[in-house]
Amino acid sequence: MNDLVAPMLAWYDAHARELPWRGEHATPWSVMVSEFMLQQTPVARVEPVHRLWMESWPTPAALAAAPSGEAVRAWGRLGYPRRALRLHAAATVIVEAYDGQVPSSYDDLVGLPGVGPYTAAAIAVFGYGERHAVLDTNVRRVLARLVVGDELPPVAVTSAERRRAEDLLPQDDAEAATWSIALMELGALVCTAAKPTCSGCPVADQCAWRAAGYPAYDGAPRKAQTWAGTDRQCRGRLMAVVRESPDPVPSSRLDRAWSDDAQRARCLTSLLTDGLLVETAVGYALPG
DNA sequence: AAGTCGTGGAA
DNA sequence: TTTCCAAGACT
């Protein structure tokens, strides 16, 4: 094993957060739910929603039996509500094709709706203890600094990154899983994007970026995401109105939620196309 | 392959 | 106040 593993495992043992989807009570399904929710959404906001979600739908079958609109409603304000739809769709596939059991192999998992390379690896590793490299934004950043000496990883995952992550993976399955979650936790708590606290890093003495004097990121500038006035904001407004209403919402109420007629109409259409809303005789509603 | 898709807390 | 962005997936 390389010289990074022991200090990383010891650090994780001492500093890991206790989260509902970790530990003995976690199930592959609770891990899967957490991974969907954590896609682009901070831990602090996921925790309470995950807790309620698991009470309502403790198994894939329970979720699959519910209307997809209930999943969207329970998703609340986590953002990117299509993830709720995809999780519901994935639960349906799990019931129909996997006898209600979350599959354990990466290849089966990555075939599920809403499950990409990261999420498939995370479920296989954290849900089942399979040995597989897990490349999320935290791991990528930590390895970029620690091994390569760059402040930030490339915009898109490269084959070099994947090979590097696989090369560093401990041979033992359980140890490899802890290694991966430790890298993620370090990236989330210590080796953060903006202001890393290297004084708290267990492998700072081996860090290539630190040794090089913290050279600044020199890759292509990341595009700043605009927000005000975008379709995303408009869609969010419309969804919020419908989500918080127990009854179908007449279009007159949606008119008040967004003033630009053309944009509102365009967004409404896209929400219907996405399956996030349906049109009923008395107004717009979450899908049944 | 570059754009799109939500949200709210922190800097 | 404005800006930035947090465990990605999909097209």
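When reading the values below, keep in mind they use all heavy atoms of this one structure, side chains included, and skip hydrogens, waters and symmetry mates. Please read these numbers as outputs of a predicted model, since none were measured by experiment.
Taking atom C1' on both nucleotides, dA1(B) is separated from dC10(C) by 12 Å, rounded to a whole Å. When the C1' atom is used for both dA6(C) and dG6(B), the distance is 12 Å, rounded to whole Å. If you take atom P in dA11(B) and the same atom in dA7(C), they sit 15 Å apart, rounded to whole Å.
We find that Glu244(A) and Arg77(A) are joined by a salt bridge, their nearest charged nitrogen and carboxylate oxygen being less than 4.0 Å apart. Between Arg73(A) and Glu70(A), at least one side-chain nitrogen of the basic residue sits less than 4.0 Å from a carboxylate oxygen of the acidic one, meeting the salt-bridge criterion. Using a 4.0 Å cut-off between charged nitrogen and carboxylate oxygen, Arg264(A) and Asp261(A) count as a salt-bridge pair. A salt bridge links Arg51(A) with Glu47(A): at least one charged nitrogen is closer than 4.0 Å to a carboxylate oxygen.
By the 4.5 Å heavy-atom criterion applied to side chains, Val241(A) and Tyr284(A) are not counted as neighbours. At least one side-chain heavy atom of His50(A) sits less than 4.5 Å from a side-chain heavy atom of Ser30(A).
Linking Ile, Leu, Val, Met, Phe, Trp and Tyr residues whenever their side-chain heavy atoms come within less than 4.5 Å places Trp75(A) and Leu112(A) in a single cluster. Taken together through direct or relayed side-chain contacts under 4.5 Å among Ile, Leu, Val, Met, Phe, Trp and Tyr, Tyr98(A) and Val31(A) form parts of separate hydrophobic clusters. Val157(A) and Val110(A) fall into different hydrophobic clusters, where Ile, Leu, Val, Met, Phe, Trp and Tyr side chains are chained together by heavy-atom contacts under 4.5 Å. Under the 4.5 Å side-chain heavy-atom criterion for grouping Ile, Leu, Val, Met, Phe, Trp and Tyr, Val102(A) is connected to Met54(A) within one hydrophobic cluster. Met239(A) and Leu268(A) fall within a single hydrophobic cluster, where Ile, Leu, Val, Met, Phe, Trp and Tyr side chains are chained together by heavy-atom contacts under 4.5 Å.
Residue contacts for Leu19(A): at a heavy-atom cut-off of 4.0 Å it reaches a base atom on one of the strands shown. Counting any heavy atom pair closer than 4.0 Å across all strands shown, Ser34(A) reaches no nucleic acid atom. At the heavy-atom level, Trp75(A) lies nowhere under 4.0 Å from the strands shown. Counting non-hydrogen atoms under 4.0 angstrom, Gly79(A) reaches a base of the nucleic acid.
Atom CG of Leu85(A) is separated from atom P of dC10(C) by 13 Å (rounded to the nearest Å). Remark: C1' of dC5(B) and CG of Asp274(A) are 8 Å apart, rounded to the nearest angstrom. Nucleotide dT4(B) holds its C1' atom 8 Å from the OH atom of Tyr80(A), rounded to whole Å. The separation between Trp227(A) atom CH2 and dC5(B) atom P is 9 Å, rounded to whole Å. The nearest whole Å value for the distance from the CZ atom in Arg17(A) to the C1' atom in dA6(C) is 11 Å. Atom P of nucleotide dG8(C) and atom CD1 of Ile123(A) are separated by 14 Å, given to the nearest angstrom. The CZ atom of Arg83(A) sits 8 Å away from the C1' atom of dG6(B) (whole-angstrom rounding). Whole-Å rounding puts the Met32(A) CE to dA9(C) P distance at 12 Å.
Here dA6(C) is the nucleotide among dG8(C), dA6(C), dT7(B) with the atom lying nearest to any side-chain atom of Ala193(A). Closest approach to the Arg86(A) side chain among dG6(B), dA7(C), dC10(C) is made by dC10(C) (side chain taken as heavy atoms from C-beta onward).
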From CA spacing to verdict: side-chain contact (heavy atoms from CB on, under 4.5 Å), His88(A), Leu63(A): CA-CA 6 Å; His88(A) 182 271; Leu63(A) 178 60; 4.1 Å; yes
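Checking Ala194(A) against Gly116(A), the closest nucleotide of DNA chain C that is more toward the 5' end is the one next to Ala194(A). Residue Pro42(A) is the one, among Pro42(A) and Arg82(A), whose nearest nucleotide of DNA chain C lies closer to the 5' end (criterion: closest heavy atom).
Not one side-chain nitrogen or oxygen of Gln40(A) sits closer than 4.0 Å to the OP1 or OP2 atom of dA6(C).
Contacts between residues 126-144 of chain A and DNA chain C, counted as heavy-atom distances below 4.0 Å, involve Asp136(A), Thr137(A), Asn138(A). Within residues 228-242 of chain A, no residue has any heavy atom under 4.0 Å from DNA chain C. Contacts with DNA chain C (heavy atom under 4.0 Å) in residues 256-271 of chain A: none are found.
Separation of atoms CG (Leu183(A)) and CE (Met8(A)) is listed at 4.5 Å; rounding is to 0.5 Å.
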